[in-house]
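Reading through the structure tokens given below for one structure.
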Protein chains: 2
Amino acid sequence: MNKDTTVGLGLHDVARMLRREFDRRARAQGLTRARWQVLWNLSLREGIHQAALAEIMDVAPISLTRQLERLEEEGLVERRVDQTDRRRLRLYLTDQAAPALESLRELAMGVRHQALAGIEADDIDILVRVLGRMRANLCQRTEKEE
Amino acid sequence: MNKDTTVGLGLHDVARMLRREFDRRARAQGLTRARWQVLWNLSLREGIHQAALAEIMDVAPISLTRQLERLEEEGLVERRVDQTDRRRLRLYLTDQAAPALESLRELAMGVRHQALAGIEADDIDILVRVLGRMRANLCQRTEKEE
DNA sequence: AACTTATAATAAGCAAGCTTATTACATGAA
DNA sequence: TTCATGTAATAAGCTTGCTTATTATAAGTT
């Protein structure tokens, strides 16, 4: 109806539904989507420290801290003090993380399959491209106007 | 990199960024995106009761209840007991709601403009269409498998 | 060396969503 | 009419994210 509001609200709703569906399926595994996402990003850059990972994920550092605390409790992540700068904690996955990552990746593919049913491959490519551009447009880190 | 995960996580991230940007700009108005969204949906169907609106928005009834409590406190929404079924509360906007809706709609257009900068109109149409389809794919109300 | 300034991580407290459980009212069957 | 069942709204408590404020460590200046 009012097209001006369709994009933002639509994205918001679909993202919430995806999260809900994922978490519903993943409940048996004991991991939520948010924690899985941290594991996933971390798996690409082991040894990174928290602030840097938070910046890459464009999440507030404190948000990441809490996820990492739980992941550490659950034995999936290890945090070691950086000896060259003792403020920093370097992050590593444990052996337990690999199977968890794999099973959640499969689960995510299942949700993805449900969500994208009946949508043209070309349109999915466009979706991914547009999301990337939107992310860049919004990522301008708080755009400190001095 | 791994394309299987790009859609879900991308959507999630972009939705979060949109919300953050919107709420950042709207802070002066004292309204958040979630409350504005309730007002917006309500404006299209005044007199509806809570459970029906929750279903349309695909949100848990309790989530809506809390938003409506605050909106009522703030004087933007009125809840009147339905006389034919006294369990129900019918919802109405107050006079204060109209200007709030309008100013937030403008604000939303500003965020939208930032987010969509440099993206082809055709691609935006595709985005909206794909989101609609995804929503339908995911909306299958909890899919009670009996 | 002492002092300021910057940065990594965390603490406190708020917002929004969810699941599960309660309470009040409706409705259909005995 | 009474009793069981169903439904609208809410309560309690969890998760995830945010902003703002603290604390510990680094690093640069005088």
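Small disclaimer: the values here were computed from a predicted structure and weren't measured. Each chain gets a letter, A, B and so on, in the order the sequences are listed, and its residues count up from 1.
Closest to the side chain of A:Arg27, out of D:dA8, D:dT15, C:dT19, is C:dT19. Among the nucleotides D:dA9, C:dA8, D:dT16, the one closest to any side-chain atom of B:Thr65 is D:dA9. Counting only heavy atoms from C-beta on, B:Ala34 has its side chain closest to C:dA16 among C:dA16, C:dT10, D:dG17. Set against C:dC18, C:dA9, C:dA15, the side chain of A:Leu89 has C:dA9 as its closest nucleotide. Of the candidate nucleotides D:dT16, C:dA8, D:dC18, D:dC18 has the atom lying nearest to any side-chain atom of B:Arg20. Considering only side-chain atoms of A:Arg35, the nucleotide from D:dT15, C:dC18, D:dG17 that sits closest is D:dT15.
Taking only side-chain nitrogens and oxygens, B:Arg24 comes nearer than 4.0 Å to OP1 or OP2 of D:dT19. Of the side-chain N and O atoms in A:Gln67, none sit less than 4.0 angstrom from OP1 or OP2 of D:dT15.
Judged by distance alone, the side chain of B:Asp123 and the main-chain N or O of B:Ile119 form no donor-acceptor pair under 3.5 Å. Under the 3.5 Å distance criterion, the side-chain polar atoms of A:Glu46 are matched with a main-chain donor or acceptor of A:Leu93.
Residue B:Arg90 is classed as having no contact, given no heavy-atom separation below 4.0 Å to the nucleic acid. Base contact: A:Ala60 has a heavy atom under 4.0 Å from a base atom. Backbone-only contact: A:Arg70 has heavy atoms under 4.0 Å from sugar-phosphate atoms and none from a base. Using a 4.0 Å heavy-atom criterion, one finds that A:Ala51 contacts the sugar-phosphate atoms exclusively. Nucleic acid contact for A:Arg66: base, since at least one base atom lies under 4.0 Å from a heavy atom of the residue. At the heavy-atom level, B:Arg79 lies under 4.0 Å from the strands shown only through sugar-phosphate atoms. A:Ser63 comes within 4.0 angstrom of a base, heavy atoms only.
Comparing A:Glu69 and A:Arg87 by the nucleotide of DNA chain C that holds the closest heavy atom to each, the one mapping nearer the 5' end is A:Arg87. Each of A:Arg19 and A:Ile62 was assigned the nucleotide of DNA chain D with the nearest heavy atom; the assignment lying further toward the 5' end belongs to A:Arg19. Closest-nucleotide positions on DNA chain C for A:Arg16 and A:Pro61 were compared, and the one nearer the 5' end corresponds to A:Pro61.
Closest of all the heavy-atom pairs between B:Leu107 and B:Gln29 is CD1-CG, 4.2 Å.
Heavy-atom contacts from other residues, nucleotides or ligands closer than 6.0 Å to CD of A:Glu120 number 12 or fewer.
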- Worked check of side chain to side chain donor-acceptor pair (under 3.5 Å) between A:Gln83 and A:Arg90: CA-CA 10 Å; A:Gln83 289 308 323; A:Arg90 293 191 167 276; over 6 Å; no

